[in-house]
Engineer: 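Okay, handing you the structure first.
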Protein chains: 2
Amino acid sequence: MVTLADVARHAGVSASTVSYVLSGKRSISRSTRERVERSIEELGYRPHAGARALASNRSGIIALMVPLRTDIYVPVMLQIAMAVTTTARAHGYDVLLLTGEEGPEAVRRIEGSAVADAMIVMDVELDDERLPLLRTARRPAVLIGLPADAGGLGCVDLDFAAAGALCVEHLAGLGHREIAFIGEAPGVYERHTGFAERTLAGLRSAAGTHDMRLLHRPCASGWTAVAATLGRILEERPGTTAFVVQNEAATDPLLALLRQQRLAVPEDVSVVAICPDQVAAQASVPLTAVAVPAQDMGRRAVEQVVAVLDGGETAGTVLLAPELTVRASSGPAPR
Amino acid sequence: MVTLADVARHAGVSASTVSYVLSGKRSISRSTRERVERSIEELGYRPHAGARALASNRSGIIALMVPLRTDIYVPVMLQIAMAVTTTARAHGYDVLLLTGEEGPEAVRRIEGSAVADAMIVMDVELDDERLPLLRTARRPAVLIGLPADAGGLGCVDLDFAAAGALCVEHLAGLGHREIAFIGEAPGVYERHTGFAERTLAGLRSAAGTHDMRLLHRPCASGWTAVAATLGRILEERPGTTAFVVQNEAATDPLLALLRQQRLAVPEDVSVVAICPDQVAAQASVPLTAVAVPAQDMGRRAVEQVVAVLDGGETAGTVLLAPELTVRASSGPAPR
DNA sequence: TTGAAAGCGCTAACAT
DNA sequence: ATGTTAGCGCTTTCAA
């Protein structure tokens with residue numbers, strides 16, 4: 001294995017000089033730098049991550065905690081994870097993948113062993129049990145999601161309340177008066193996941209403002225579950241003229257079921273989704289939707305983390321403004 | 001920060017004793033062990049990952065290379081990644097997430113900096129450019145997928161050729177004579193991804209044996225693409241009585257489109273999928289399918305890697321036998 | 001602008 | 001059964 005000492009010897013300089021050429025933390029004469037760089041190249045030298053971590057107290061790793069539950073919003077999760085990884089690499093960091101399964105213990109483990117310089121936590125619950133630990137940790141943490149009390153932790157999320165309101169306003173403008181909200185799986189609400197509750201709050205408040213009736217139904221994934229949910233909604237509220245859907249797994253079954261019931265979209269009923277643009281665009285009826293900017297969220301989270309690590313700036317809350325794209329699934333209320 | 005030396009002092013023993021209590025690499029008297037363990041507990045000691053990596057030449061990290069392309073088989077990818085992470089944790093390892101984007105350079109980086117003890121590589125192409133590097137690396141590597149020439153590298157994969165054959169045989173037994181194969185996106189074949197090509201080969205060979213006509217059509221994701229593909233198939237081969245689908249994103253649209261065309265499943269046409277069981281079970285018509293055992297694949301890959309790391313046994317190729325589950329989407333050929 | 005040298009916290013060979 | 005000690009490869013003062 002090629003070490004820094006080998007490079008120093010090969011270039012005829014001291015070890016510290018090589019180190020400084022690498023880190024750029026002090027000025028090096030042009031000729032020396034070039035000589036060292038050539039030696040590095042020729043010998044194929046790579047700094048040993050462990051040695052560097054020990055000496056510098058920096059591992060160059062960002063830990064990413066992903067929920068293990070693969071039943072919900074899978075594409076969003078993967079998109080975020082990928083964006084985090086790509087952005088982290090662009091800043092010279094690698095990403096350690098943790099499953100939410102480990103819970104608070106994972107936070108202790110990462111913190112204690114100094115294996116990562118910072119943490120990014122996804123799928124945050126309103127009163128998440130990992131938060132106290134993250135707050136007192138010596139390493140920065142950024143949440144993707146918004147808990148009840150961020151309390152000094154950096155947060156990145158879509159403004160889901162505004163997203164919900166935006167859906168309602170779009171439908172109100174089209175003359176709809178009675179709408180149904182097909183939400184995430186019941187478990188998501190039971191866990192008090194921030195984004196789900198905030199969306200619901202946004203919908204309710206805007207529905208109130210616009211004097212609309214709103215029916216909320218959580219919905220598990222799977223064709224059968226969607227069919228059951230739709231059946232119950234149509235029975236309870238036969239006057240429903242529009243659906244807001246925040247459940248990636250439900251959009252396609254919903255459209256197919258409406259078709260089966262001879263309900264034309266958007267002539268008979270409108271559908272507005274809250275999902276990634278790609279999902280909305282590829283549906284059987286291209287969906288009017290508020291985009292969940294998964295890539296953006298991942299990218300911003302890393303940028304916050306890196307800002308703290310490199311600059312020392314303390315992280316705040318970044319709420320991304322929702323954008324609604326009108327496609328083929330929404331239209332004027334019938335009659 | 002609490003160090004091993006702190007623990008040693010607190011317990012009244014030497015540093016090495018603490019180290020050996022932790023590693024179990026030599027016998028320690030019961031009383032000493034308990035005293036040390038109590039000190040560790042009381043002080044809240046965690047070994048410093050970097051220091052350990054430097055001294056032991058082991059990082060306790062397994063690198064996982066995941067394709068960046070999020071357009072294909074997303075749930076499978078995430079399921080595998082999660083299974084890898086969970087299994088790795090069970091063996092005391094953490095997982096570093098790499099995107100395929102970096103290509104061979106990532107292999108060099110990981111290898112050179114000793115940041116990971118081993119690599120698991122997903123989405124392997126038949127003649128993958130990362131293979132030569134992985135072979136000469138000093139750290140073990142296991143592929144999830146099967147290249148043209150594994151050449152000493154450990155491999156884990158579903159036996160996709162057998163899976164394809166199994167689909168054909170099931171349909172042959174039901175009297176079908178003319179079948180269409182809706183495959184992955186064209187790009188997947190262009191990249192010569194192993195599993196896609198092997199499935200096709202298995203289908204073709206079995207179709208030959210059973211004297212069936214087989215039409216293969218790659219298919220991009222998205223409703224429109226599936227509709228176009230189905231349209232062309234029905235036009236070219238109006239006698240088609242069964243579909244084999246290896247494209248998670250296409251199954252649901254396909255079923256909906258068939259319904260629209262008044263083709264009843266399975267009375268008029270049969271559908272057999274190659275996809276995770278969960279996807280098959282949740283479809284609008286529960287699908288007869290060969291399961292892609294994503295969890296299993298992830299788990300087995302880690303077990304291979306760990307076997308090499310811990311035991312030194314050299315890894316072979318593990319081809320998982322396909323299993324076909326009959327559900328509601330397949331039945332006797334019409335007429 | 002460069003070098004010398006003291007650790008960083010842990011492991012493992014060598015002693016006893 | 002336990003202790004002593006020499007590194008592992010790098011960063012970073014301190015000195016020149």
Side-chain angles (χ1 to χ4, degrees), chain A residues 1-37 39-40 43-61 92 109 111-117 138 309-310, chain B residues 1-37 39-40 43-61 92 109 111-117 138 309-310:
Chain A
M1 190 200 179
V2 184
T3 71
L4 182 142
D6 296 332
V7 175
R9 205 172 308 121
H10 185 270
V13 298
S14 74
S16 59
T17 296
V18 177
S19 177
Y20 283 119
V21 166
L22 249 28
S23 70
K25 287 189 181 173
R26 81 179 179 192
S27 50
I28 305 281
S29 77
R30 189 177 170 65
S31 67
T32 305
R33 185 166 13 89
E34 283 172 355
R35 201 144 31 86
V36 170
E37 278 163 354
S39 297
I40 289 176
L43 301 180
Y45 167 71
R46 306 256 181 185
H48 186 285
R52 179 170 268 188
L54 178 57
S56 68
N57 206 23
R58 289 294 205 105
S59 66
I61 288 178
R109 207 165 53 79
E111 159 84 356
S113 66
V115 69
D117 298 335
R138 292 184 308 279
L309 286 176
D310 292 4
Chain B
M1 190 202 180
V2 184
T3 71
L4 183 143
D6 297 331
V7 175
R9 206 171 309 121
H10 185 270
V13 297
S14 74
S16 60
T17 298
V18 178
S19 177
Y20 284 118
V21 166
L22 250 29
S23 69
K25 287 189 181 174
R26 80 179 180 192
S27 50
I28 305 280
S29 77
R30 189 177 170 63
S31 67
T32 305
R33 183 162 18 85
E34 283 172 354
R35 199 144 32 86
V36 170
E37 277 163 355
S39 296
I40 289 176
L43 301 180
Y45 167 71
R46 307 259 180 182
H48 187 285
R52 180 170 268 186
L54 178 56
S56 68
N57 205 23
R58 289 295 205 104
S59 66
I61 288 177
R109 206 164 53 79
E111 159 83 357
S113 65
V115 69
D117 298 334
R138 292 185 308 281
L309 286 176
D310 293 2

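Just so we're on the same page: letters track the sequence lines, and every chain starts at 1.
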Engineer: In whole Å, I'd like the distance from the OH atom of Tyr20(B) to the P atom of dT11(C).
Structural biologist: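 Spelled out: OH on Tyr20(B) to P on dT11(C) is 10 Å.
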
Engineer: What integer distance in Å separates Arg46(B):CZ from dC8(C):P?
Structural biologist: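 The answer, rounded to whole Å, is 22 Å.
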
Engineer: Does Tyr20(B) reach the side chain of Ile28(B), with side-chain heavy atoms less than 4.5 Å apart?
Structural biologist: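 Heavy-atom side-chain distance check passes, below 4.5 Å.
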
Engineer: Using a heavy-atom cut-off of 4.0 Å across all strands, would you classify Ser23(A) as base, sugar-phosphate, or nothing?
Structural biologist: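 Result for Ser23(A) = nothing.
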
Engineer: If you define the side chain from C-beta out and look only at heavy atoms, does anything of His48(B) sit under 4.5 Å from Asn57(A)?
Structural biologist: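 Result yes, sub-4.5 Å side-chain heavy-atom pair found.
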
Engineer: Within the pair Arg52(B) and dT11(C), is there a side-chain N or O less than 4.0 Å away from OP1 or OP2?
Structural biologist: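 Yes.
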
Engineer: Mind checking if Leu22(A) touches a base, just sugar-phosphate, or nothing, with heavy atoms under 4.0 Å?
Structural biologist: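 No contact at all - Leu22(A) keeps every heavy atom at 4.0 Å or more from the nucleic acid.
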
Engineer: Check if the side chain of Arg26(A) and the base of dT2(C) share a donor-acceptor pair of N or O atoms closer than 3.5 Å.
Structural biologist: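 Checked by distance alone, the answer is yes.
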
Engineer: Tell me every residue that passes side-chain hydrogen bond (donor to acceptor under 3.5 Å, both in side chains) with Arg58(B), counting only those two or more places apart in sequence or in another chain.
Structural biologist: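 Arg58(B) satisfies side-chain hydrogen bond (donor to acceptor under 3.5 Å, both in side chains) with Tyr93(B) only.
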
Engineer: Please pick, from dG9(C), dA13(C), dG3(C), the nucleotide with the shortest atom-to-atom distance to any side-chain atom of Val13(A).
Structural biologist: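 Among dG9(C), dA13(C), dG3(C), the one nearest the side chain of Val13(A) is dG3(C).
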
Engineer: With nearest nucleotides of DNA chain D determined for Arg33(B) and Ala51(A) from heavy-atom distances, which residue corresponds to the more 5′ nucleotide?
Structural biologist: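 That would be Arg33(B).
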
Engineer: Closer than 3.5 angstrom, by distance alone: can the side chain of Ser59(A) be matched with the main-chain N or O of Val115(A) as a donor-acceptor pair?
Structural biologist: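 A pair under 3.5 Å: yes.
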
Engineer: Using atom CG of Leu4(A) as one end and atom P of dG7(C) as the other, report the distance to the nearest whole Å.
Structural biologist: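 Roughly 19 Å, once rounded to whole Å.
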
Engineer: Within this structure, what is the CD-CG distance for the pair Glu37(A) and Leu22(A), rounded to the nearest 0.5 Å?
Structural biologist: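 Reported to 0.5 Å precision, the distance equals 9.0 Å.
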
Engineer: When we call it a touch if two heavy atoms are under 4.0 Å apart, what does Ser19(A) touch: a base, just sugar-phosphate, or nothing?
Structural biologist: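 Since a base atom lies under 4.0 Å of Ser19(A), the category is base.
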
Engineer: Please check this pair: side chain of Ser56(B) against backbone of Arg52(B), looking for a donor-acceptor N/O pair closer than 3.5 Å.
Structural biologist: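 Yes.
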
Engineer: Met1(B) has an atom CE; how far is it from atom P of dG9(C), in whole Å?
Structural biologist: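 Going from CE in Met1(B) over to P in dG9(C) covers 6 Å.
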
Engineer: First and last nucleotide of DNA chain D touching chain B, 5' to 3', heavy-atom cut-off 4.0 Å?
Structural biologist: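 Nucleotide range with atoms under 4.0 Å of chain B: dA1(D) to dG9(D).
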
Engineer: Would you indicate, yes or no, if dT1(C) has its OP1 or OP2 atom less than 4.0 angstrom from a side-chain nitrogen or oxygen of Ser29(A)?
Structural biologist: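 Looking at the OP1 and OP2 atoms of dT1(C), neither is under 4.0 Å from any side-chain N or O of Ser29(A).
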
Engineer: Taking OP1 and OP2 of dA12(C), is either one under 4.0 Å from a side-chain nitrogen or oxygen of Lys25(B)?
Structural biologist: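 Result: yes.
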
Engineer: Give one of base, sugar-phosphate or nothing for Ser16(B), where a contact means two heavy atoms less than 4.0 Å apart.
Structural biologist: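 Base contact.
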
Engineer: Find the distance His10(B):NE2 to dG9(C):C1' and express it as a whole number of Å.
Structural biologist: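 Going from His10(B) (NE2) to dG9(C) (C1'), I get 19 Å.
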
